[in-house]
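Below: the structure, in structure tokens.
Lettering follows sequence order; numbering is per chain, from 1.
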4 protein chains.
Amino acid sequence: MNESTPRKRLSREESQAQTRARLIDTAQQLFVTNGYGGTSIRDIADRAGYSQGAFYSNFASKEEVLLELLRGHMEAEGAQLSKILDSEGHAPEQIFEELQTWAATLNHDADWCMMSIELQLHANRSPTFATKYQAVWDAHRGRLGGVVGKLFAALGRTPPADPEELAAAFMALTHGLALQSMGARPDPSGRLILVFLRGLIASAGLASVTR
Amino acid sequence: MNESTPRKRLSREESQAQTRARLIDTAQQLFVTNGYGGTSIRDIADRAGYSQGAFYSNFASKEEVLLELLRGHMEAEGAQLSKILDSEGHAPEQIFEELQTWAATLNHDADWCMMSIELQLHANRSPTFATKYQAVWDAHRGRLGGVVGKLFAALGRTPPADPEELAAAFMALTHGLALQSMGARPDPSGRLILVFLRGLIASAGLASVTR
Amino acid sequence: MNESTPRKRLSREESQAQTRARLIDTAQQLFVTNGYGGTSIRDIADRAGYSQGAFYSNFASKEEVLLELLRGHMEAEGAQLSKILDSEGHAPEQIFEELQTWAATLNHDADWCMMSIELQLHANRSPTFATKYQAVWDAHRGRLGGVVGKLFAALGRTPPADPEELAAAFMALTHGLALQSMGARPDPSGRLILVFLRGLIASAGLASVTR
Amino acid sequence: MNESTPRKRLSREESQAQTRARLIDTAQQLFVTNGYGGTSIRDIADRAGYSQGAFYSNFASKEEVLLELLRGHMEAEGAQLSKILDSEGHAPEQIFEELQTWAATLNHDADWCMMSIELQLHANRSPTFATKYQAVWDAHRGRLGGVVGKLFAALGRTPPADPEELAAAFMALTHGLALQSMGARPDPSGRLILVFLRGLIASAGLASVTR
DNA sequence: CATGAATGAGGGTTCATTCAT
DNA sequence: AATGAATGAACCCTCATTCAT
């Protein structure tokens, strides 16, 4: 229990965490490649080098991995966006530039978007899953809504619709574009999203509060 | 094929066509409700009132029904856009109004959107299907791009991006929103789409070339 | 459709019935040997020479075969007993003799009794199964109750308890004895059952209705 | 194992015994409720508040718990009968009354009966278990046979069959009735058993040998 | 053309058991 | 002694598809 040998410590918990991590990784790869429905637990376990039982020792069901994956992804995305908008002193142009950089990364995220679509479809069809999914989704929607609101505030303008609705619309746009451009290169998604964002801002009235 | 008995002549071919049509209809309903992967051929045949064998007498595989649906999709979309496109001399406000009407129908067209998403998802995973799907999609994209271009031209403004790209983006937005709001009432999709469209117009520079 | 070739006719329905019959037979053998819980559908299908799918083409579930089996057995048993009691003119001694003969066959029926016990256990634990089981069981209980009533009537005596209850008690005795004597030879079950029946008759008061 | 610290001395052994006892108790509850086959070791361990490993530290297999339960069964039955047997000089009415009391407890003893049935069922399929079970059963049968013999002797009558066989038959009747009336209220088992007993006595000839 | 019984592969899930900790 | 992650086999069931009728 004290530390003397530097290697092979924490075996029990460590190896458990490792198994879990490997299963999650493998699941993500396969979900992205073959879709949620096209991926069997056998596939995941086999490719990760474990038995099917190992999967069930770590997750109650296929849905659970999916939710874990989703949560992680959405939180990461939220954090990423918050970082851009939270820095108070930024000039509008700077914010735009950073958003542009972020939007560019979306191009590499098309796989994730595909999964998101499959997830939504699954949620629309499985009531039990829908509840859990809704929680994750609402949290994400709220976070993004906050980011959108902050952006308009920073620009001294009134959003042309409820910020959360706008955020959801941007998610919809992003996912829809990902669906279209699977495999198409170069993917104009990131650029288009900013075009729409600029449009929204251009059409927004000046905020009544003097900046 | 030659005519001798005056009654019930086309019976065989007709009834075959009817079988086929019923199977296609049923398949679409089920694909929308349960997804492509969640729909079995037994489901389709049973609900349509036929045997599984009848299905295979009309289609080589589940994918083939999807192709037939794609064909229907294509025709429906073509007809829809023709209405907007055919009105050559329309004033900008009129075009805008027609787009608004079109956007409003989207609310009631969620089924078609879902079907479209299923089609795209499947195309992303089946190379043989992808080719055929791409052709339909490109045609539709082109047509819709024409409408967008015409709108901006009529307004005397320069589109902030390739009209076809903008058209595709609107399709993406529409589909993405439909996915989000399956079952949610009231569905803000139509309104949001117009908010985005207005934004785009607001951010468009005045066209330099009068033409 | 008319009969000319003596062999291989009725192929479709016949072969279907054959498959069903073979599966039922095999299921019975295995249920008796390994118990209901110890018999898998794989086992049944494999041993009958079919695929698992073939099983599901003929039965909705393992429970369904069980019920079919049970029904057939109970009906046969009821018919057997009715035959003994229905012949009006028999003298009491003759009835007894025939019952003795019948009881002797019970010895060879121990396997069936075992299954019956497992069935009851299963019914006590599966509400969905319980309903269907209850119907079969009640019918059998009613039939046997009728036989018991008739026997006492023929002897001009009043049964010491509700005939249906007595019938159920005899079923219980039979099953309980079968449970005990699995494998023990010679099995005294049949003889003991008659000993109890004679006791019941001996303790029964004379019926008030003069015969 | 040697004593030095006065407190918590037997702690280890004691706690092990406690673990074992708790597992046995839990197992019995679950066997009765869900059956032997319907109870998993995980169920037992979980519900008892231990790990699966703890189970295997105490028992080599699921069957071994069953053996332990059998031992308990044996002791309980032995004690039960001792009460009846020990009263040597009792009058027939008294014995009869005691049997009546015993029969009445059976109504509330359905759990034991179910357990007994599970034991017998398992014995019928596991040769290794059967041997041990047979010993317990034979002892019990002998003891109960003694009671039956004594009853008839006290009544000055000849039993209509080997007392041990009659005893076994009563056990069979009891178990069979318990199986039928699991959950059914009111349970006529106790009453029915006495009806049968009275019948047996009624049909018994007067003992020729005074002895 | 239409039937639907039968196939064979694969789906998600559970279980008794093992073993490094 | 006790843990519980991991195993591997088995379980019930569903599916797209075939083929004799």
Side-chain angles (χ1 to χ4, degrees), chain A residues 1 8-20 23 37-45 49-63, chain B residues 11-13 15-16 19-20 37-46 50-63, chain C residues 8-20 23 37-45 49-63, chain D residues 11-13 15-17 19-20 37-46 50-63:
Chain A
M1 279 209 190
K8 279 272 182 202
R9 246 179 315 130
L10 275 186
S11 264
R12 198 67 176 282
E13 292 166 25
E14 246 184 10
S15 88
Q16 177 186 182
Q18 194 188 49
T19 301
R20 194 181 167 86
L23 284 169
T39 301
S40 76
I41 285 170
R42 263 191 194 40
D43 290 343
I44 300 172
Y50 293 94
S51 66
Q52 294 184 69
F55 179 94
Y56 283 98
S57 286
N58 283 279
F59 306 97
S61 68
K62 207 164 59 152
E63 274 179 358
Chain B
S11 198
R12 267 223 272 272
E13 295 153 32
S15 89
Q16 187 177 350
T19 302
R20 194 180 167 86
T39 302
S40 75
I41 284 171
R42 203 188 228 94
D43 289 342
I44 300 172
D46 279 3
Y50 294 94
S51 67
Q52 298 182 70
F55 181 95
Y56 282 97
S57 292
N58 284 279
F59 306 97
S61 69
K62 204 161 59 151
E63 206 176 58
Chain C
K8 279 274 182 201
R9 244 176 319 126
L10 275 185
S11 265
R12 199 66 177 281
E13 292 166 25
E14 245 183 11
S15 88
Q16 178 185 182
Q18 194 187 48
T19 302
R20 195 181 166 86
L23 285 169
T39 301
S40 75
I41 285 171
R42 260 216 241 312
D43 290 343
I44 300 172
Y50 294 95
S51 65
Q52 294 184 69
F55 179 94
Y56 284 98
S57 286
N58 282 279
F59 306 97
S61 67
K62 207 164 58 154
E63 274 179 358
Chain D
S11 199
R12 268 223 272 273
E13 295 152 32
S15 90
Q16 186 178 352
T19 302
R20 193 180 168 86
T39 302
S40 75
I41 284 171
R42 203 187 228 96
D43 289 343
I44 300 172
D46 281 2
Y50 294 94
S51 67
Q52 297 181 72
F55 181 94
Y56 282 97
S57 291
N58 283 278
F59 306 97
S61 69
K62 203 161 61 153
E63 205 176 58

*asked:* Taking any heavy-atom pair under 4.0 Å as a contact, classify D/Tyr56: base, sugar-phosphate, or nothing.
replied: base
*How is B/Ser40 classified with respect to the nucleic acid when contacts are heavy atoms under 4.0 Å: base, sugar-phosphate, or nothing?*
sugar-phosphate
Interatomic distance, [X] [atom1] vs [N] [atom2] [rounded to whole Å]:
X	N	atom1	atom2	result
A/Ile41	E/dG11	CD1	P	10 Å
D/Ile44	E/dT17	CD1	P	11 Å
C/Arg42	E/dG11	CZ	P	14 Å
D/Phe55	F/dA1	CZ	C1'	15 Å
C/Gln18	E/dG4	CD	P	20 Å
B/Asp46	F/dC15	CG	C1'	13 Å
C/Phe59	F/dC13	CZ	C1'	16 Å

_Is C/Asn58 close enough to E/dA6 that one of its side-chain N or O atoms is under 4.0 Å from OP1 or OP2 there?_
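The answer is yes; a side-chain N or O of C/Asn58 sits under 4.0 Å from OP1 or OP2.
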*Please state whether the phosphate of E/dA20, meaning OP1 or OP2, lies under 4.0 angstrom from any side-chain nitrogen or oxygen of A/Ser15.*
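No, because none of the side-chain N or O atoms of A/Ser15 sits under 4.0 Å from OP1 or OP2 of E/dA20.
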Between [options], which nucleotide has the shortest distance from any of its atoms to the side chain of [X]?
X	options	answer
B/Ser57	F/dT17, E/dA6, E/dA2	E/dA2
D/Ser51	F/dC13, E/dG4, F/dG4	F/dG4
A/Asp43	F/dC11, E/dG11, F/dA5	E/dG11
A/Ala54	F/dT17, E/dA2, F/dT7	F/dT7

Where [X] and [Y] come nearest, the two heavy atoms and their spacing:
X	Y	result
A/Ile44	A/Leu23	CG2-O, 3.8 Å
C/Ser51	C/Ala45	O-CB, 3.4 Å
A/Gln16	A/Asn58	O-OD1, 4.2 Å

*Approximate separation, where rounding is to 0.5 Å, of A/Phe55 CZ and A/Arg42 CZ*: 13.0 Å
*DNA chain E: 5'-proximal contact among A/Ala60 and C/Leu23 (nearest heavy atom)*: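 Result: C/Leu23.
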*Name the residue closer to the 5' end of DNA chain E, choosing between D/Thr39 and C/Arg20 according to the nucleotide with the nearest heavy atom.*
C/Arg20
*Searching all strands shown, indicate the nucleotide that pairs with F/dA5 (Watson-Crick or G-U wobble; both distances under 3.5 Å).*
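E/dT18 - that is the nucleotide pairing with F/dA5, both distances being under 3.5 Å.
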*Counting only Watson-Crick or G-U wobble pairs whose two distances fall under 3.5 Å, which nucleotide matches E/dA9?*
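E/dA9 is paired, partner F/dT14.
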*Base of F/dC12 paired with side chain of C/Gln52 (donor-acceptor, under 3.5 Å)*: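 Side chain to base: no pair below 3.5 Å.
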*Take A/Tyr50 and B/Ser61, find for each the nucleotide of DNA chain F with the closest heavy atom, and name the residue whose nucleotide sits nearer the 5' end.*
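With A/Tyr50 and B/Ser61 compared, the 5'-side residue is A/Tyr50.
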*Which sits closer to the 5' end of DNA chain F, D/Thr19 or B/Gly37, going by the nucleotide each is nearest to?*
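The 5'-side residue here is D/Thr19.
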